[in-house]
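Reading through the structure tokens given below for one structure.
All values reported here derive from a predicted model rather than from experimental measurement.
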Amino acid sequence: QAQLVESGGGLVQTGGSLNLSCVASVRHARAYSLGWFRRAPGKERNFVAAIGWSGGTPRYADSVKGRFTISRDTAKNTAYLQMNNLKSDDTATYYCAAGPYPLRQIDVTYWGKGTLVTVSS
């Protein structure tokens, strides 16, 4: 059974950093891109970042460019999201996702259950 398990969320102060991880237990993992979406309280879920199986050129939402970095360890079937200079607007539940590149939300095949990131001022 396919499974995406996130970890690394928590409470951090404005300007701080967190590193999220997503372990993907997915058959034919090479066929999928991995990425992150987030849902802020009372808002829709939105795209954050995505990366292809072999790495390649990552995609980022404009709101996180220059602050977040997505990476992937293919040997461990794990994706990471390094988040720096966090702002209160980054407070959200972050969901790992797997699907065909470029990983549009409508095309996501598998979702994780989410990990909460809270940024306090």
Side-chain angles (χ1 to χ4, degrees):
Q1 183 175 357
Q3 192 175 20
L4 302 178
V5 180
E6 305 99 332
S7 62
L11 175 65
V12 64
Q13 291 186 331
T14 300
S17 299
L18 282 175
N19 190 24
L20 305 184
S21 299
C22 171
V23 179
S25 300
V26 176
R27 291 185 64 184
H28 309 301
R30 292 173 180 266
Y32 296 103
S33 295
L34 290 179
W36 298 88
F37 291 75
R38 67 186 181 185
R39 187 195 303 271
K43 296 186 178 180
E44 296 181 346
R45 184 163 54 188
N46 291 317
F47 171 79
V48 176
I51 190 168
W53 165 255
S54 59
T57 302
R59 291 177 60 231
Y60 296 98
D62 289 342
S63 59
V64 307
K65 283 181 180 177
R67 301 187 298 122
F68 290 12
T69 302
I70 189 170
S71 61
R72 183 169 185 169
D73 185 334
T74 55
K76 297 181 179 179
N77 278 351
T78 301
Y80 304 95
L81 186 68
Q82 176 65 42
M83 306 186 294
N84 297 328
N85 191 21
L86 283 161
K87 306 174 181 179
S88 57
D89 288 348
D90 296 318
T91 294
T93 298
Y94 284 71
Y95 297 90
C96 183
Y101 193 83
L103 202 60
R104 298 181 304 166
Q105 187 163 188
I106 195 173
D107 296 328
V108 170
T109 306
Y110 302 108
W111 290 101
K113 293 183 178 181
T115 185
L116 179 63
V117 172
T118 304
V119 184
S120 65
S121 56

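Nearest heavy atoms, Ala50 versus Pro102: CB-O, 4.0 Å. Considering all non-hydrogen atoms of both residues, Leu34 and Ala79 come closest at CD1-CB, 3.7 Å. Closest approach of Val26 to Ala2, counting heavy atoms only: CG2-CB, 4.3 Å. Of all heavy-atom pairs between Phe37 and Arg104, the closest is CZ-C, 4.2 Å. Between Arg59 and Leu103 the shortest heavy-atom distance is NH1-O, 4.0 Å. A pairwise comparison of heavy atoms in Arg72 and Tyr32 identifies NH1-O, 2.9 Å as the closest pair.
Annotation: the span from Gln3 atom CD to Lys113 atom NZ amounts to 7.0 Å, rounded to 0.5 Å. Here Arg45 contributes atom CZ and Tyr95 contributes atom OH; the two are 6.0 Å apart, rounded to the nearest 0.5 Å. The line from CG of Leu18 to CG of Asp90 is 10.0 Å long, rounded to the nearest 0.5 Å. Separation of atoms CG (Asp62) and CZ (Phe47) is listed at 10.0 Å; rounding is to 0.5 Å. Tyr60 contributes atom OH, which lies 10.5 Å from atom NZ of Lys65 (distance to the nearest 0.5 angstrom). Once rounded to the nearest 0.5 Å, the distance linking CG of Asp89 with OG of Ser63 reads 8.5 Å.
Using a 4.5 Å heavy-atom threshold, the side chains of Cys96 and Val23 count as separate. Using a 4.5 Å heavy-atom cutoff, the side chains of Gln105 and Trp111 are in contact.
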